[in-house]
**Q** 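I'd like to ask some things about the structure below.
Chain identifiers are assigned alphabetically (A, B, ...) following the order of the sequence lines, protein sequences preceding nucleic acid strands; residue numbering begins at 1 within each chain.
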Amino acid sequence: AQSVTQLGSHVSVSEGALVLLRCNYSSSVPPYLFWYVQYPNQGLQLLLKYTTGATLVKGINGFEAEFKKSETSFHLTKPSAHMSDAAEYFCAVSEGNNNDMRFGAGTRLTVKP
Amino acid sequence: NAGVTQTPKFQVLKTGQSMTLQCAQDMNHEYMSWYRQDPGMGLRLIHYSVGAGITDQGEVPNGYNVSRSTTEDFPLRLLSAAPSQTSVYFCASSYLRHSTLNGYTFGSGTRLTVV
């Protein structure tokens with residue numbers, strides 16, 4: 001079955017600094033890849049997704065991610081962190097069959113003023 | 001507002017009690033699923049359904065039952081609650097044909113504590 005590994009359970013950056021959240025996946029077929037964001041006491045919201053086509057995908061709130069097949073990675077980046085970006089971020093992978101989506105353990109992003 | 005509605009938001013159970021977590025969506029989504037979220041483990045799939053009358057097990061189905069009698073509703077039943085079932089439970093839904101394009105719509109969660 002497909003799986004996801006998120007490197008780093010906690011990431012702390014200063015406001016205005018680069019945000020880099022790492023995600024590596026395992027899949028037996030070309031994957032569909034997602035990043036979700038979870039704010040405190042809320043459900044998950046879709047941030048961006050990769051299905052087919054362009055390997056650099058842009059999402060909401062200035063985030064983007066690049067699909068690198070050779071590295072089996074889908075890292076999430078944002079050039080300049082904002083205080084409102086503080087949240088937990090989940091990478092997820094689906095192989096499309098039965099819509100079974102598997103999530104990583106999550107990375108909690110803290111933004112320091 | 002359209003979306004996924006979960007009730008209750010909070011629940012405390014005693015070991016051995018049973019209860020049903022409710023999930024309803026009004027988007028006519030074929031696919032519905034239940035996840036549990038635990039610290040350091042992300043979201044793990046409990047059960048899912050691809051349509052009324054069809055359910056299947058996910059990664060961690062033991063101790064939970066589901067049924068799907070209508071497109072709108074997908075309740076999760078805990079038959080005999082155990083402390084290991086203390087968690088935050090999320091319901092998610094999507095169109096079958098579009099889930100891999102649009103991801104899932106999540107409910108706001110049910111925080112369950114078993115004492």
**Q** What about B:Phe106 and B:Val4, same hydrophobic cluster or not, with Ile/Leu/Val/Met/Phe/Trp/Tyr joined at side-chain heavy-atom distances under 4.5 Å?
**A**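 Unlinked, B:Phe106 and B:Val4 end up in two clusters.
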**Q** Are the side chain of A:Tyr36 and the backbone N or O of B:Tyr104 linked by a donor-acceptor pair below 3.5 Å?
**A**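 Side chain of A:Tyr36 to backbone of B:Tyr104, a donor-acceptor pair under 3.5 Å: yes, one is there.
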**Q** Name all pairs fulfilling the salt bridge (Lys or Arg N to Asp or Glu O under 4.0 Å) condition that reach into residues 66-75 of chain B, sequence neighbours left out, sorted by first residue then second.
**A**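 Qualifying pairs: none.
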**Q** Are B:Phe90 and B:Leu78 connected, step by step, through hydrophobic side chains (Ile, Leu, Val, Met, Phe, Trp, Tyr) whose heavy atoms are closer than 4.5 Å?
**A**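 Shared cluster, no.
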**Q** With a 4.5 angstrom heavy-atom cut-off, which part of B:Gln37 approaches chain A: side chain, backbone, both or neither?
**A**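 Answer is side chain: those atoms of B:Gln37 sit under 4.5 Å from chain A.
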**Q** Taking all heavy atoms of B:Gly40 and all of A:Ala105, pick out the closest pair and write down the distance.
**A**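 For B:Gly40 versus A:Ala105, the nearest heavy atoms are O-CB, 3.4 Å.
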**Q** Contact between B:Tyr35 and A:Met101 at the side-chain level, heavy atoms closer than 4.5 Å - yes or no?
**A**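 Side chain of B:Tyr35 against side chain of A:Met101, heavy atoms only: contact under 4.5 Å found.
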**Q** Is the number of heavy atoms from other residues, nucleotides or ligands under 6.0 Å of B:Arg44 CZ greater than 12?
**A**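 Buried by this count: over 12 neighbours within 6.0 Å.
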**Q** Report yes or no: do B:Ile54 and B:Tyr31 belong to one cluster of Ile/Leu/Val/Met/Phe/Trp/Tyr joined by side chain heavy-atom distances under 4.5 Å?
**A**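 Shared cluster, yes.
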**Q** Measure across A:Phe103 and B:Leu43 and return the closest heavy-atom pair with its distance rounded to 0.1 Å.
**A**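 So the two residues come closest at CB-O, 3.8 Å.
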**Q** Please classify the contact of A:Gln38 with chain B as side chain, backbone, both or neither, using a heavy-atom distance under 4.5 Å.
**A**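 Side chain of A:Gln38 only, per the 4.5 Å heavy-atom cut-off to chain B.
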